[in-house]
Protein chains: 2
Amino acid sequence: MTGDGASTVARARRGRSVEGRAQVRRDLVAAAVRLFGEQGYGDTTVDGIAAAAGVGRRTFFRYFRSKEDAISPDHGSALTRIAEVFDAAHPTEPTAPLVLRASETVLDLYTEDPALSVARFRLTHDVDALRDRESASVDHYRRLFTRQLRARFAGGSDGELRAAVTGAAVVAAHNLALRAWLAAGAPADGIDACRERFRKVADMLPVEPIRPAGDLHALARRLEAVAGRLERR
Amino acid sequence: MTGDGASTVARARRGRSVEGRAQVRRDLVAAAVRLFGEQGYGDTTVDGIAAAAGVGRRTFFRYFRSKEDAISPDHGSALTRIAEVFDAAHPTEPTAPLVLRASETVLDLYTEDPALSVARFRLTHDVDALRDRESASVDHYRRLFTRQLRARFAGGSDGELRAAVTGAAVVAAHNLALRAWLAAGAPADGIDACRERFRKVADMLPVEPIRPAGDLHALARRLEAVAGRLERR
DNA sequence: AACCCTAATGGCACTGCGTGCCGTTGAGCA
DNA sequence: TGCTCAACGGCACGCAGTGCCATTAGGGTT
């Protein structure tokens, strides 16, 4: 009595149906989110998720590589899309708007299903294993951004360092905005605010072509001193 | 015939011996590093590690929470020490040298046993599971730094954002220096170079107390414009 | 010296994740 | 109607991690 009705449904969508696969996937995600919320992550088994979705345990692992994957966004395809954004850009295009476009690709991933994103956010906030997994995913984004920036900063002084710092900073800032939006329940009228913050971060990127000095803060301090002398006149 | 001689040794160091515990721990780490290198991470079992160390499987899990932990540095105590550095600092102490001191605490963790650190670095570079775990650990540092910076930036404009960006940037920069040192085989004469890079990053931190504007890049651009006008006179 | 107390250990059994294998089933096609 | 192939379910296996408990050895006590 694991789910006669459900398994009948499952049987009805056999074959090479793309919609069938997508539907099974959605069912599994829905079941996972519901059970994680009801019984906690640790006390929910893959067997339980599969049964709740009216699917065999083995089938679960044909859709998700692990139990944690069942509630993770599809970072894999997001990374691919971001890489395409970078690769499609003209080498001379300014970095700031390019980074902005790449970032909004990530935002799209979450706006597709805000309610699901919020549920995931709550879970990744509470469960250690999921938080660590999220950290790993974020780091993949950081590496991708850093790699792209490194190519663009190459040749300038401290190119490696600037790429590492800028990539990490951009990803961290975007996560801050994204998490604030999700913590607020992902309101529809908050998307623009989130996008606005993204833009703000992009605006903070050092303008290129890179100035000879390279050290922006040193430049700022030098100019600040000049301004101070000016004011005192 | 799992290890008669070794188990005799193990038996000889029973009781409440602190040195005994430390020795068992070192043996387990050594066995893990060796086996991971010889047979790969995936093909090495906890049973194998325990047997190689002349210890029961159950004992392994009394020293390490998981298989991955066997080759992870003790990030837990490092985080504690860093938090102590921050907490012990006077509130008015400039942030840059404080961050530098906190960073060097991390460096100490790796300089204690350079050879082991290099072996770990190679493994975390190759094995996906270990790399993800490393990402999670690094993120713990990032969160700690960000939390401390947030307290110091509180009140200023965009304090949250500046803390998030600065924390992520500092950690990323330090990791870049640290990984470069480890990739070179952790030469003794490279420690100072690594420490020098740490200092360079600390110097790049915005000076405090925080200026009213808060947005450093905007400030830099504004001052740059002023400087441009000055030059044209 | 006999004794107890406690820390450390090792074995055992159990749950659950993840995987390989294989027989079955149903949709699409000739 | 029969063939093909993708998806599915079940089964068994290895292994990680945990709870439980008996055993052992060292330190302190009387």
**OP:** Using a strict 4.0 Å threshold on nitrogen-to-oxygen distance, state whether B:Arg199 and B:Glu196 make a salt bridge.
**Re:** yes
Original post:
Would you call A:Glu134-A:Arg179 a salt bridge at under 4.0 Å N-O?
Top reply: no
Rounded off to whole Å, could you give me the [atom1]-to-[atom2] distance for the [X] and [N] pair?
| X | N | atom1 | atom2 | result |
| --- | --- | --- | --- | --- |
| B:Phe60 | D:dG17 | CZ | P | 8 Å |
| B:Phe61 | C:dG11 | CZ | P | 15 Å |
| A:Gln23 | D:dA7 | CD | P | 16 Å |
| A:Gln39 | C:dG16 | CD | P | 11 Å |
| A:Asp27 | D:dC8 | CG | P | 11 Å |
| B:Arg133 | D:dA16 | CZ | C1' | 13 Å |
| B:Leu28 | C:dT9 | CG | C1' | 12 Å |

Review item, nucleotides 12-15 of chain D N/O atoms under 3.5 Å of protein N/O:
none

Original post:
Are any of the side-chain heavy atoms of A:Lys67 and A:Thr45 separated by less than 4.5 Å?
Top reply: no
Original post:
Do A:Leu98 and A:Arg152 come within less than 4.5 Å of each other through their side chains, counting heavy atoms only?
Top reply: yes
Can you see if the side chain of [X] gets near the phosphate of [N] - specifically, an N or O under 4.0 Å from OP1 or OP2?
| X | N | result |
| --- | --- | --- |
| B:Arg62 | D:dT18 | no |
| A:Tyr63 | D:dA7 | no |
| B:Thr59 | C:dT9 | no |

Original post:
Can you list every ring pair (Phe, Tyr, Trp, His ring centres under 6.0 Å) pair that touches residues 35-54 of chain B, not counting sequence neighbours?
Top reply: B:Phe36-B:Tyr41
Original post:
Is the side chain of B:Ser117 donor-acceptor paired with the backbone N or O of B:Tyr110 at a distance under 3.5 Å, no angle test?
Top reply: yes
Original post:
Donor-acceptor pair, B:Thr166 side chain versus B:Ala163 backbone, under 3.5 Å?
Top reply: no
Subject >> Of A:Asp43 and A:Arg65, the one whose closest DNA chain C nucleotide lies more 5' >> reply: A:Asp43
Original post:
To the side chain of B:Arg21, which of C:dG18, D:dG17, C:dT9 is closest?
Top reply: C:dT9
